[in-house]
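Below: the structure, in structure tokens.
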Amino acid sequence: MNMIQRPRRLRISSGMRDLVRETELSPRDFVYPIFVVPGEGIKEEIPSMPGCYHYSVDQVADLAREIAARGIPAVEVFGLPAYKDEIGSSAWDMTSPVQRAMTAIKEAVPQLLVIGDVCLCQYTTHGHCGELNDHYVDNDATLPHLVQTAVSQARAGADIIAPSDMMDGRIAAIRAGLDAEGFVNTSIMSYAVKYASGYYGPFRDAADSAPAFGDRRQYQMDPANVREALKEAALDVQEGADIIMVKPALAYLDVVRQVYDRTDRPIAVYNVSGEYAMVKAAAANGWIDEQRIVLETLTSMKRAGAKIIITYHAIDAAEWLSA
Ligand code: PBG
Ligand code: ZN
């Protein structure tokens with residue numbers, strides 16, 4: 001009698017592996033983040049994020065067409081404003097690069113979904129994500145500004161509002177604000193579970209949003225906690241979030257899985273700038289096979305439970321997947 005079990009039978013050929021594969025990555029899973037800046041005719045590479053660029057608004061229509069042509073369904077728009085102040089009022093200025101870029105993208109490629117990152121750190125002189133009261137980020141004073149920003153982005157054409165500030169109660173406030181202005185079909189993708197992470201370093205250079213003093217640990221989550229992540233996710237679902245995000249991605253896949261198991265909302269992950277920069281640096285040194293590492297990593301995010309993957313690798317990965 002032959003006692004040996006032979007799992008290798010199902011790996012014997014590429015046809016067999018295709019047949020039994022449990023997780024299939026697709027360009028349809030991706031969101032590509034873009035950074036818009038004031039000025040004209042600008043496409044400048046971001047030093048700590050090779051392959052990613054600062055674009056002026058006149059460049060985004062072509063970019064949007066390229067992204068859509070690769071089968072990627074959505075972009076998330078970040079911006080550097082023309083001016084900063086104490087409360088971050090350029091965040092809801094309809095003439096700021098973010099709002100103008102959103103309108104330009106929707107005009108050029110109406111079916112491409114536009115996601116707006118709602119936060120104030122790129123727009124405040126102090127670089128914190130809300131209004132300051134002495135050196136304390138005042139939660140409740142910040143909420144109306146987040147609502148104004150969300151409404152301005154919806155007005156500019158955003159299909160999905162993605163608040164990344166980590167203030168309490170913002171999802172309910174933004175939902176009510178959008179509804180009051182008639183934007184009942186504008187979705188909310190909450191950065192519900194956002195950790196205070198070292199992995200945001202390159203982004204803060206790209207978006208000029210590093211805090212001028214202190215850090216974000218009074219509002220972003222402690223990397224050591226997962227039960228708290230379940231609380232944050234549950235609260236945002238109650239408040240009306242349509243999609244729940246976990247961020248960063250790779251170091252938090254256990255969190256992704258637990259949130260997935262406990263909610264009926266689609267899960268998004270943000271494969272953040274530091275994760276991207278590490279891969280690009282190692283690949284540039286010839287130490288890793290970039291394509292293989294990227295596809296393996298993105299597949300692991302989907303396997304953990306994420307349907308939506310926000311990633312700077314989106315354009316390259318979409319090309320590799322369709323090759
Ligand atoms: C703004 C924001 C950040 C990121 C997305 N939105 C940075 C931060 O919280 O400091 C990080 C994205 C990345 O690192 O790629 N709050
Ligand atoms: Zn912020």
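By convention here, the first residue in the shown sequence is residue 1. In listed order, ligands and their atoms are each counted from 1.
Taking the centre of each ring, H313 and Y276 come in below the 6.0 Å mark. Ring centroid separation for the pair F78 and F203 comes in under the 6.0 Å cut-off.
Contacts between S273 and ligand 1 below 4.0 angstrom, taking non-hydrogen atoms only, involve backbone and side chain alike. At a heavy-atom cutoff of 4.0 Å, ligand 1 is contacted by the side chain of F78 but not by its backbone. Contacts with ligand 1 closer than 4.0 Å are made by side-chain heavy atoms of D117 only, the backbone lying farther away. Of the heavy atoms in C121, only side-chain atoms (C-beta onward) come closer than 4.0 Å to ligand 1.
Contact atoms of ligand 1 toward Y200: 8 (C), 9 (O), 10 (O), 11 (C), 14 (O) (distance under 4.0 Å to a heavy atom of the residue). Residue contact check: Y312 has heavy atoms under 4.0 Å from atoms 12 (C), 13 (C), 15 (O) of ligand 1. Ligand-side atoms of ligand 1 in range of Y270: 12 (C), 15 (O), range being under 4.0 angstrom from any heavy atom. Heavy-atom contacts of R216 reach the following atoms of ligand 1: 8 (C), 9 (O), 10 (O) (cutoff under 4.0 Å). Heavy-atom contacts of C119 reach the following atoms of ligand 1: 16 (N) (cutoff under 4.0 Å).
A salt bridge between D236 and R265 is absent, with no side-chain N of the basic residue lying under 4.0 Å from a carboxylate O of the acidic one. A salt bridge does not link R257 to D254: none of the charged side-chain nitrogens sits closer than 4.0 Å to a carboxylate oxygen. Between R155 and E181 there is a salt bridge, since at least one side-chain N of the basic residue sits less than 4.0 Å from a carboxylate O of the acidic one. Using a 4.0 Å cut-off between charged nitrogen and carboxylate oxygen, D222 and R217 do not count as a salt-bridge pair. A salt bridge is absent between E239 and R170; no separation between the charged side-chain nitrogens and carboxylate oxygens falls under 4.0 Å.
Checked against a 3.5 angstrom limit, the closest N/O atoms of Q122 and ligand 1 fall outside it.
Checking side-chain atoms of H126 against main-chain N and O of E86 turns up a donor-acceptor pair under 3.5 Å.
Of all protein heavy atoms, the one lying nearest to atom 10 (O) of ligand 1 is R204 NE, 2.6 Å. Closest to atom 11 (C) of ligand 1, if we only count protein heavy atoms, is K247 NZ, 2.9 Å.
Using cut-offs of 30° and 60° for the angle between ring planes, the Y195 and Y252 rings count as parallel.
In this structure, the separation between CG on N271 and CD1 on I310 is 9.5 Å, given to the nearest 0.5 Å.
A cation-pi contact, defined as under 6.0 Å to the ring centre and within 45° of the axis, is absent between K280 and Y312.
Distances shorter than 4.0 angstrom occur between a heavy atom of K194 and an atom of ligand 1. Between S209 and ligand 1 there is no heavy-atom distance shorter than 4.0 Å. For Q220, the closest heavy-atom approach to ligand 1 falls below 4.0 Å.
The closest heavy-atom contact to atom 1 (C) of ligand 1, among the options A196, A207, S164, comes from S164. Proximity annotation for atom 7 (C) of ligand 1: of F203, Y276, Y191, F203 comes nearest, heavy atoms only.
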- [ ] Assess whether ring-ring contact (aromatic ring centres under 6.0 Å, His included) is satisfied between H135 and F213, documenting all intermediate values.
- [x] CA-CA 9 Å; H135 274 195; F213 63 86; 3.9 Å; yes
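Annotation for T124 and K84: closest pair O-CD, 3.7 Å, computed over non-hydrogen atoms. Shown here for A314 and V31, the closest heavy-atom pair between the two residues is CB-O, 4.2 Å.
If you look at the Zn ion (ligand 2), the protein N, O or S atoms less than 2.8 Å from it are C119 SG, C121 SG, C129 SG.
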